[in-house]
There are 2 protein chains.
Amino acid sequence: MSRSATIQAPVQPHWLDEQEQLAWRSYLAASRAIEEAIQGQLQRDADIPHIYYEILVRLSEAPDRMLRMSDLAERSLSSRSRLSHAVSRLEERGWITRRASPDDGRGMLASLTEQGMAAVVKIAPGHVNAVREQIFDRLTPEQVKQLQEIGEAIVGGPVNF
Amino acid sequence: MSRSATIQAPVQPHWLDEQEQLAWRSYLAASRAIEEAIQGQLQRDADIPHIYYEILVRLSEAPDRMLRMSDLAERSLSSRSRLSHAVSRLEERGWITRRASPDDGRGMLASLTEQGMAAVVKIAPGHVNAVREQIFDRLTPEQVKQLQEIGEAIVGGPVNF
DNA sequence: GGAAGATAGTTGAACGTTGAATTATTCCGC
DNA sequence: GCGGAATAATTCAACGTTCAACTATCTTCC
């Protein structure tokens, strides 16, 4: 039958072309280098992982320096489980406190303590330096703009935090 | 004295300007999204972390599918310690074997087994798909080129693997 | 040719992350 | 207003990573 003679959809996957391959590997190398540099700086100077610092910063930017856990998880780009563990550690340091939400019996509110805020203020300059050295000192203003746009294309819209 | 009236070098760190801030956060969100997608796909479909897959691919590309550990560490962008642990796990699966280097008594040669090569062949299409969906389907050809150049600027030269 | 230092690789303990399971509360439709 | 589904958050165990310590070999240079 002619029906059975139709050409099969290719089993061959759609490989990356040469340009894509180059871009992917270049991106991989860059993103690993960036994360290693940032992580290393924060670990050395403040003894916290990068994500923990992000959590502190998101809190420091929130009204009353306080956020629902799920909200904080979203803004700090981490899973709830990860955030739970991280906040536990940061609570042990006295940088964050947790209390039940008055509005929602299920919710917890995390807030930055004065000590936590002081830590952010102390840590921030070194962190910004690392970011600058690793990224912005190496890019033209045009590339900075391109980087923003590429990031937004990948996440599907402007980043709102 | 006029000398003492000179303005002090600012203690204020050199903060990111608005464009840099946007680019940095956009990059952060994108890189986390990418890593999460790639990692998730590989974990679900092949039960290995992303780095383990990279290790297998670098080996598969090497002459005789074999490399010195330190060489493999460099190409797969991981520390020696990490690689040691990773290769141990992959060895347990029968995907890699290790043997002493004939040239250098300190060296170890890691090589991909037939099973390991078969695993790469099996895993690759799903991985490429994930990469394509997460990145290249969302970028214009121009942006792909820009991404490559930005990555190279950050790592300080073309990526050679 | 022997000591000092560099290099290759591994190991173990401490730590962070993951994913599934669990508990508690709220929301929704009838 | 009641039962079932959805949501919020945590916990636990398994796993991967890190960093420092360690062993073994090689290189250098006097």
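Proteins get letters first, then strands, A, B, ... in listed order; numbering begins at 1 in each.
From the 5' end on, the contacts that DNA chain C makes with chain B at under 4.0 Å to a non-hydrogen atom open and close at C:dT7 to C:dG12.
For residues 109-157 of chain B, the pairs satisfying ring-ring contact (aromatic ring centres under 6.0 Å, His included) are B:His50-B:His127, B:Tyr53-B:His127, with sequence neighbours left out. For residues 68-121 of chain A, no residue pair satisfies the ring-ring contact (aromatic ring centres under 6.0 Å, His included) rule, not counting sequence neighbours. Within the structure, the side-chain hydrogen bond (donor to acceptor under 3.5 Å, both in side chains) test picks out the following pairs touching residues 65-74 of chain A (sequence neighbours left out): A:Asp71-A:Arg75.
Residues satisfying the salt bridge (Lys or Arg N to Asp or Glu O under 4.0 Å) criterion with A:Arg106, sequence neighbours excluded, are A:Asp104. In this structure, B:Lys122 has no side chain to side chain contact (heavy atoms under 4.5 Å, CB included) partners at least two apart in sequence or on a different chain. Looking at residues two or more places apart in sequence or on another chain, you find no side chain to side chain donor-acceptor pair (under 3.5 Å) involving B:Glu36. With sequence neighbours left out, the side chain to side chain contact (heavy atoms under 4.5 Å, CB included) criterion links A:Glu142 to A:Thr140, A:Gln146. Scored by the side chain to side chain donor-acceptor pair (under 3.5 Å) test, B:Ser79 finds no partners at all (sequence neighbours excluded).
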### Query
Can you give one letter per nucleotide of nucleotides 1-9 of chain D, going 5' to 3': B for a protein heavy atom under 4.0 Å from the base, S for sugar-phosphate only, - for none?
------BBS

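For A:Ser84 (side chain) and A:Ser81 (main-chain N/O), no donor-acceptor pair under 3.5 Å exists by modelled atom type. Side chain of B:Gln39 to main chain of B:Pro49: no donor-acceptor pair is present (N/O by atom type, distance under 3.5 Å, no hydrogens or angles).
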#### Entry: Check against salt bridge (charged side-chain N to carboxylate O under 4.0 Å, His left out), A:Lys145 and B:Glu18
CA-CA 11 Å; A:Lys145 181 84 180 134; B:Glu18 203 168 325; over 6 Å; no

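Axis angle, first five pairs versus last five pairs of the helix from C:dG1-D:dC30 to C:dC30-D:dG1: 30°, rounded to 10°.
B:Leu67 and B:Ala62 get closest at one heavy-atom pair: CG-CB, 3.5 Å.
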Please write out each protein N/O paired with an N/O of nucleotides 15-17 of chain D under 3.5 Å, distance rounded to 0.1 Å.
unit_1 : atom_1 : unit_2  : atom_2 : d
D:dT17 : OP1    : B:Arg82 : NH1    : 3.1

